Amino acid sequence: PVAAPPSGAVSLPQCFIEEGDRYLMHGAGLSASIETGRMRWVVSGHDDGQPLRSLITIEPVGARPQVAPRGEDLLPGVVSHFRGAPAAWRAGRRTFSTVRYAELWPGIDLTLEAKGQTLKGTYTVAPGADPCSVRMRHQGADAVLIDDSGRLVAQTPAGDLVDAAPVAWQQIDGVRRDVPVAFAVEPAPDGAVDVTFDLGEYDRSAALLIDPAVIVQAGFLGGAEKEQ
């Protein structure tokens, strides 16, 4: 996801920080916690000089409940956090460029990659698996809608979380074949919104990749928690 009000750019770091069984990202205006059974996004901004923070929780509906995220592509650096009482200090936490939920739904992996100003979330659907299983429940936003560009926009008082319009493709006999795809939204219980994919025809005997890459942009989004 992305943070996106009027001007400027939000900076996401190029890593996920391991903390127990979850992975953290801290950027200017946007931070995330990637956990078993959910992803939590905090958008930070301000209004008339007053700081604002909004929490959006995204849960995979109907997913295998015990699938934990796992870091991949270990990076050479580590992160240490020395703030508050010594008991709260954290030193030598490993960093990764990729986090994967393997078999989040039967035959479907979700891979998250941090790449500069873009956070890519790729769903890899194995041959014969059902991409209609993918359903992500968004909670905490004032509204979740699809704009005229096909982007998914989760609106909050602190700013918007924006997913770029998805693309989907298959690699068959060495040739990339694009598959029509778009976001779809449905109301869910307790004011939540479910997000799915509306897919065109594709070859079910071959793997399918769905890639709603996120482009990070913002306006009145503020600073982030610092790590060093």
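Residue numbers count from 1 along this sequence. Computed from a predicted structure; not experimentally measured. Just the heavy atoms: all of them, side chains too, but no hydrogens, waters or symmetry mates, feed the values below.
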Results of ring-ring contact (aromatic ring centres under 6.0 Å, His included) for Phe183 - residues two or more places apart only: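 Phe183 satisfies ring-ring contact (aromatic ring centres under 6.0 Å, His included) with Phe197 once adjacent residues are dropped.
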Please tabulate, for the side chains in residues 64-75, all donor-acceptor contacts under 3.5 angstrom to protein atoms that are two or more places apart in sequence or on a different chain.
residue	atom	partner	partner atom	Å
Arg64	NH1	Glu103	O	2.8
Glu72	OE1	Arg100	NE	3.1
Glu72	OE1	Arg100	NH2	3.1
Glu72	OE2	Arg100	NE	2.7
Asp73	OD2	Thr98	OG1	3.0

Exam field: side chain Asp147 to backbone Gly150, donor-acceptor pair closer than 3.5 Å: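 Checked: pair present.
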Side chain Trp105, main chain Val134, donor-acceptor under 3.5 Å: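 A pair under 3.5 Å: no.
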Asp142: partners by side chain to side chain donor-acceptor pair (under 3.5 Å), with sequence neighbours left out: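 Checked Asp142 against side chain to side chain donor-acceptor pair (under 3.5 Å); zero matches.
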Qualifying residues under side chain to side chain donor-acceptor pair (under 3.5 Å), relative to Arg204, sequence neighbours excluded: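 Applying side chain to side chain donor-acceptor pair (under 3.5 Å) to Arg204 gives Tyr202.
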Shared-cluster residues of Val42, by chain and number - hydrophobic side chains joined below 4.5 Å: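 When side chains under 4.5 Å apart are linked, the cluster holding Val42 also contains Leu55.
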Where at least one partner belongs to residues 163-182, residue pairs that pass ring-ring contact (aromatic ring centres under 6.0 Å, His included), sequence neighbours excluded: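 Every pair satisfying ring-ring contact (aromatic ring centres under 6.0 Å, His included) with a residue in residues 163-182: there are none.
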Applying side chain to side chain contact (heavy atoms under 4.5 Å, CB included), name anything that partners [X], two or more places apart in sequence or on another chain.
| X | value |
| --- | --- |
| Gln155 | Ala143, Leu145, Val153, Asp160 |
| Ala32 | Met25, Ile34, Trp41 |
| Ser205 | Asp203 |
| Glu59 | Arg38, Thr57, Gln139 |

Cationic N near anionic O, under 4.0 Å, Asp163 to Arg151: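 So Asp163 does not pair with Arg151 through a salt bridge.
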Within residues 173-184 or reaching into it, pairs that qualify as salt bridge (charged side-chain N to carboxylate O under 4.0 Å, His left out) - sequence neighbours excluded: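 Of all non-adjacent pairs touching residues 173-184, those that pass salt bridge (charged side-chain N to carboxylate O under 4.0 Å, His left out) are Arg176-Asp178.
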Where at least one partner belongs to residues 186-197, residue pairs that pass salt bridge (charged side-chain N to carboxylate O under 4.0 Å, His left out), sequence neighbours excluded: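 Every pair satisfying salt bridge (charged side-chain N to carboxylate O under 4.0 Å, His left out) with a residue in residues 186-197: Arg135-Glu186, Arg135-Asp194, Arg137-Asp194.
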Heavy-atom side-chain proximity of Leu208 to Pro131 below 4.5 angstrom: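 Answer yes - side chains close enough.
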